[in-house]
Amino acid sequence: MAGELCLLLLLFCGSTISEVQPIYKPPPGTLDFGFVPAKTYDTGAYHEPGAIGILFKIVHAFLYLVQPNTFPQDLIRKLAQQQFGNTQGDYQKPENVVLTLQAIYYEIGFIVSAALGLLFILLLPLVGLCFCMCRCCDNCGGEMHQRQKKNADCQRSCFATFLFVASLIISVGVLCAYAANQHLTNQVRGAKKLVNSNFKDLKIFLNDTPAQIDYLVNQYNTTKDKALSDLNNVGPVLGSRVQEQLGKEVRPALDAALTMAGAIRETKEALENVSVSVEVLQEGTERLHANLTDVKMHLSNTLNDSACNAAQAASTCNIIRNSLAQLNINANFSGLPGVSSQLAKINDVLKIDLSSLVQKGYAAFNDTPDLVVNQTRNILSDIKSVLESIGSNITTFTRALPVQKILADLMVHLTQSEAYVQDYFPLVEQYDFYRWLGCLILCCMLVLILVFYYLGLLCGTCGYDKHASPTTRGCISNTGGNFLMAGVGFSFLFSWVLMIVVVLTFVTGGNVEKLVCEPFEDKNLFKVLDTPYLLNKHWKNYLAGIIFKNPNVNLTFEKVYSDCKENKGIYTSLHLEYLFNINELLNISMYTEDVALKIEHIQINLSKIILLDEIGKENLLNFSSSGIDGIDFSAYLTEINKSVTKVDLLSFANDLEARADQLPKGALENALKGHANNIRMIHNQQVVPLEQAMKYVKARSTLNQSIRLLKRTSSELMVKVKNVISAVNAAQDLINNNASQVIVQETKKYMDTIIGYFEQYTEWVKESISMEVAACKPIANVIDTAVDIFLCSYIADSVNTFWFGLGGSSMFLIPAIIFAVKLSKYYRRMDTEDVYDDTENGNNGYHKEHLYGIHNPVFTSSVEQW
């Protein structure tokens, strides 16, 4: 039956757990190993019962009332470990008596309920027999005579109502039992698909494992290719790292020297600009000075005229004469010191191209990666050979593992098991059909009884005439009463059979639910199975003893089931490291020691790098002694900031003309006004161009910028040059004397990078083995399918719901019998009835039936006696 199918699946699951292999999952990192190939399993080990689930929950609640105690782990362990003997004295031992009492206490609910059921089985047939014999003696309502009572209608209605309610309850119980019976059959018929799904997942599990292992092994190529890529690019990788570390001092030194070379060129340009600008400005100011001097001389001659001696003109002429000193230039560029000597020295310095020398230093330093490549060529070929040998060793070690043989053997067992189940399943369905038919017959027994009760109520209620006397009741009413009594008779015949089935299924199904299903759901069942020395008195851990032949390994049913439930790799779930330790294969030191030794022998000589030769350093010193720091920058800046003339010539001309107007009319006035016009002409033709013409403005601006640039450059020039030379010497000393230390440090980092690829690979393999390779979810699904779905959800819940409905119906047969017997008296046609006598006193008009019974002349001999 279905129970045997569950047992078969459990046994198959056990054989599957006993042998299976590991596989793995990748973590993120520098290297991308991709995802371990894995297929999706089809089996969803979860059962949703649907609408009937409400009945299952009601039955579970009822079982909790019957058995509220928690799962007795300690009691079961002690009972399993206790060795009961065959003699009576063994059972009388105190410890055995205590265990027996504890078991009785735990099962007290089932025991009491079963005892009540047994009483029902024994007493109801006996009561039925006695009731039948009693009615045959015209007692217990067997006499076809009914006493007339005032409340007869009320009693009849009450009995009919109670019987109808009891029949409804029995009907509900029958429906529950039928639904449970049909549900179990439907689930068994549909179980084949679930079984096939489990077998399919197990085949996927076995077939995918070799491909997953091959994928892990092949991903070593990713590690090897990355390492080889770095080795082939040792220049850009190691050389660039060395260059980067040295460059922290070398590049700033070379940058400073290159900056100083640029400063030399800027100094030359500034000196040239100063020389040209001063020349332009000198030309303009000298011409202006000559014209102003000429005007001043003519004006002085005019003021020496005798007309100025007149009393009216003397004071005005004196004022004009005193202001003649203002007619002069203010900015005198002719007196500025020249820069030709400094320019000549700078030109001598520039005969040597310092920038080119610095660029040679840059180029030599930038050739560091090439130097590394040339000096490591032999060592790299040895490292590549080591990497190839490592790959060969991993492949060889992997091939040596007995994975393929184990998987092939498991596939054979799996195929045989599947064929056996497929052959056996029609027999299971056949047995289930017999079970379904038997349960249906039990339901039909109750249905037959219900049919008699409902027909009796229908006929009795519809055919009853309250105006008819008991002896004159109609045929329909009498038939209803006979149906009720027929229902009573079949109740006595069938009830004990029904109760036997109820008691047996109740005790079995209830204990399966409480002792298997509930502890399986909360994993207490696994804790019992994992009890040391329980299943084998010589083994501490039974599962470890089966798989590893070593019962001391901490391998438990609960841990294996939980890990497989989480779809972890079977290597982790079953602790298969005790069969073959993958850490030996993934021992990083075993693979990297040779690589590390080869890399440590890398030696790089950078002494050929020359950052700046002595000619360049001498050139820098010559620049510092060029004399630009001796230029009188303040004199230049002072003249640049002065105006062109000491006085505004327009204002002076206007003032001269105004004073001329104060003189008497004559030649003196006209002469002074002519001089004023000449001054205006000089202003417009010479002063304004000097102030606004682009040539002079640009010369003034260029002179200003160049002088300020030279001032900045010359500031502590000797110190700056010495600092540049010191920085270059320090960087050169680092390359010549201390580069080996930097190279060793960077080589160590480079080695760590190469070895880090192996570490990433091994960590990824370990993680993959633990979580992804041979993920054992199908094993947990098989257990869930066998226990949780088949045994508990399909069988136990259906059986428990069946006895719950059947038992409830059987219990309500008792009140139904009572009410049916009472009610039938009001529906059946009586042989005699009470006669009312108006003259009779003391009996309220009713005579006792044994004194005044009047026989029905028609039906006396034909009515059935009960």
Side-chain angles (χ1 to χ4, degrees), residues 1-14 42-60 63 174-202 414 416-444 501-502 504-513 515-518 520-521 778 780-807:
M1 236 168 42
E4 297 173 352
L5 177 60
C6 293
L7 179 61
L8 172 64
L9 289 174
L10 280 173
L11 292 175
F12 173 73
C13 175
D42 295 335
T43 303
Y46 174 76
H47 173 65
E48 181 60 47
I52 200 173
I54 299 174
L55 294 178
F56 293 165
K57 291 180 180 179
I58 295 174
V59 174
H60 292 166
L63 285 175
V174 172
L175 291 176
C176 290
Y178 177 79
N181 182 43
Q182 192 63 39
H183 178 265
L184 178 55
T185 297
N186 292 339
Q187 298 306 323
V188 170
R189 291 174 181 173
K192 189 173 184 179
K193 180 179 179 181
L194 185 58
V195 172
N196 292 336
S197 176
N198 276 276
F199 277 113
K200 179 181 177 182
D201 287 350
L202 289 172
L414 180 63
Q416 292 175 349
S417 300
E418 183 179 16
Y420 178 76
V421 170
Q422 296 297 338
D423 295 339
Y424 187 75
F425 201 83
L427 187 61
V428 172
E429 291 181 330
Q430 183 179 358
Y431 285 160
D432 179 70
F433 173 74
Y434 296 151
R435 178 208 56 77
W436 174 83
L437 188 59
C439 293
L440 184 63
I441 291 173
L442 294 176
C443 292
C444 289
V501 175
V502 169
L504 292 177
T505 53
F506 165 72
V507 174
T508 304
N511 278 288
V512 169
E513 175 66 29
L515 296 178
V516 178
C517 297
E518 289 184 2
F520 176 81
E521 185 176 356
N781 286 342
V782 169
I783 298 175
D784 289 340
T785 299
V787 180
D788 188 43
I789 296 179
F790 282 177
L791 180 61
C792 296
S793 296
Y794 287 1
I795 298 177
D797 284 346
S798 299
V799 169
N800 288 334
T801 304
F802 180 79
W803 64 250
F804 182 76
L806 202 65

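Position 1 is the first residue of the sequence; numbering continues from there.
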- Query: After noting the C-alpha distance and the side-chain angles of F790 and Q187, does the key distance pass the side chain to side chain contact (heavy atoms under 4.5 Å, CB included) rule?
  - Reply: CA-CA 9 Å; F790 282 177; Q187 298 306 323; over 6 Å; no
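- Taking CD1 of I58 as the start and CG of N800 as the end, the distance is 13.5 Å to the nearest 0.5 Å.
- Summarising the geometry, atom CD1 belonging to I783 is positioned 12.5 Å from atom CD1 belonging to I789; distances are rounded to the nearest 0.5 Å.
- Residues satisfying the ring-ring contact (aromatic ring centres under 6.0 Å, His included) test with F804, not counting sequence neighbours, are F62.
- L194 places a side-chain heavy atom less than 4.5 Å from the side chain of Y794.
- Formation of a donor-acceptor pair under 3.5 Å by the D432 side chain with backbone atoms of V428 is not found in this model.
- Between V507 and N511, the shortest heavy-atom contact is O-ND2, 2.6 Å.
- Considering only heavy atoms from C-beta on, P778 stays 4.5 Å or farther from N198 through its side chain.
- More than 12 heavy atoms of other shown residues, nucleotides or ligands fall within 6.0 angstrom of atom CD in Q422.
- Within the 4.5 Å cutoff, no side-chain heavy atoms of K193 are placed close to those of N196.
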- Trace of the side chain to side chain contact (heavy atoms under 4.5 Å, CB included) decision for T508 with W803: CA-CA 10 Å; T508 304; W803 64 250; over 6 Å; no
- Message: For F802 and C439: C-alpha separation, side-chain torsions, deciding distance, then whether side chain to side chain contact (heavy atoms under 4.5 Å, CB included) applies.
- Response: CA-CA 9 Å; F802 180 79; C439 293; 3.6 Å; yes
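- In summary, the side chains of H60 and D797 do present a donor paired with an acceptor at a separation below 3.5 Å, with no hydrogens or angles considered.
- Each of N186, L184, N181, L55 was checked for a side-chain contact (heavy atoms from CB on, under 4.5 Å) with S798, and the lone residue meeting it is L184.
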- Take L806 and F506, measure what side chain to side chain contact (heavy atoms under 4.5 Å, CB included) needs, and give me the verdict at the end. CA-CA 10 Å; L806 202 65; F506 165 72; over 6 Å; no
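- Q182 places none of its side-chain heavy atoms less than 4.5 Å from the side chain of L440.
- Every residue meeting the ring-ring contact (aromatic ring centres under 6.0 Å, His included) condition with F56, not counting sequence neighbours, appears here in chain and number order: H183.
- Taking CG of L791 as the reference point, atom CD1 of I795 lies at 5.5 Å (rounded to 0.5 Å).
- Between R189 atom CZ and F433 atom CZ the span is 8.5 Å, to the nearest 0.5 Å.
- For the residue pair Y420 / Q416, no side-chain donor-acceptor distance below 3.5 Å is found, with atom types taken as modelled.
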